[in-house]
Amino acid sequence: MDRRVNERIANESILTFYLKNEHFRHSLAGAIAGCASAIASCPFDVVKVRKQNHQIKPLPANPLYPNKIRYPGTFSSLKKVYQKEGLRGLYRGVGPTVAGYLPTWAIYFGAYGWSKNWLASKWDRKESDSIVHVFAAMFSGTASSIAVNPLWVVRTRIMTQPAIPTSTTPYHYNSTLEALSTITRVEGFWALYKGLGPSLMGVSHVAIQFPLYELLKNGSQGLIYLISLRKDYKI
């Protein structure tokens, strides 16, 4: 009995120790939020990826790339996928999506908080400076993109593959791990990093988003303070 109590106290102490770390809390919160958003938005991601992979005009007959199913509007596409493949079709690729978002946001928020502190001390600036936010956002976006790109390759392929494999299907993966091992074996390790270049170019969006977020957050806090002063002193 005493051993179990001691283990419980030790476990709670470890959890409390990590939760006191601000960077760990940011990473944990980012991972949970990313996982929830991935599950909620997966059907729309499936439709988006399939529409992006679909040609408007049919290509010449090519048995390796059949172009039979057409995806018109968003909601009609959701209905079509559900009718042909069921609920599982709408959540095709949810495994690599969740597996990708968990480390993406965990790395991003953890790296963002750490790099903000490091850059501020290195450059002798305040953490609230815009230049610190810009470079911290770019660093954390680059780190998360490089770390998780293999999972995004797998996600795209699983989302665009047909529900039932056929002799004309160029590829068909049953799981995330199978896809990772097959791509590495057949196409080589660097095939897992296809699309990394455009992803890194897209890091520019976080260089705008998070500095603007910090600016608005700090500005709103100042506005709330001024409003409270006005109420207290009836200005």
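What you see is a predicted model; the values in this text were computed from it and never measured.
- The two atoms that bring Lys126 and Ala120 nearest to each other are C-CB, 4.1 Å, heavy atoms only.
- The shortest distance between side-chain heavy atoms of Val49 and Thr160 falls below 4.5 Å.
- Between Val132 and Lys116, the shortest heavy-atom distance links the atoms CG1-O, 3.7 Å.
- A tilted orientation is assigned to the rings of His133 and Tyr112, their planes being inclined by 30° to 60°.
- With rounding to the nearest 0.5 Å, the separation of CD1 in Ile39 from CG in Asp45 is 12.5 Å.
- Nearest approach of Ser145 to Ser199, heavy atoms of both residues: OG-O, 4.3 Å.
- For Glu187, the salt bridge (charged side-chain N to carboxylate O under 4.0 Å, His left out) partners are Arg157, Lys194, not counting sequence neighbours.
- Among residues two or more places apart in sequence or in another chain, the side-chain hydrogen bond (donor to acceptor under 3.5 Å, both in side chains) test is passed with Arg92 by Glu85.
- Using modelled atom types, no side-chain atom of Arg125 and backbone atom of Leu119 make a donor-acceptor pair closer than 3.5 Å.
- Of all the heavy atoms in Trp152 and Pro96, the pair that sits closest is CZ3-O, 4.3 Å.
- Counting only heavy atoms from C-beta outward, the side chains of Leu78 and Phe44 approach each other to under 4.5 Å.
- Closest approach of Asn149 to Leu192, counting heavy atoms only: ND2-O, 3.0 Å.
- Taking NE2 from His172 and CD1 from Ile158, the interatomic distance works out to 9.0 Å, rounded to the nearest 0.5 Å.
- Residues passing the side-chain hydrogen bond (donor to acceptor under 3.5 Å, both in side chains) test with Thr184: none are found, sequence neighbours excluded.
- In this structure, Ile107 CD1 and Thr142 OG1 are separated by 12.0 Å, a value rounded to the nearest 0.5 Å.
- The two residues Val46 and Gly89 come nearest to each other via the heavy atoms CG1-O, 3.8 Å.
- Between Tyr173 and Val154, every side-chain heavy-atom pair lies at or beyond the 4.5 Å cut-off.
- Between Trp123 and Phe135, the ring planes are perpendicular. Angles over 60° get that label, and only those under 30° would be called parallel.
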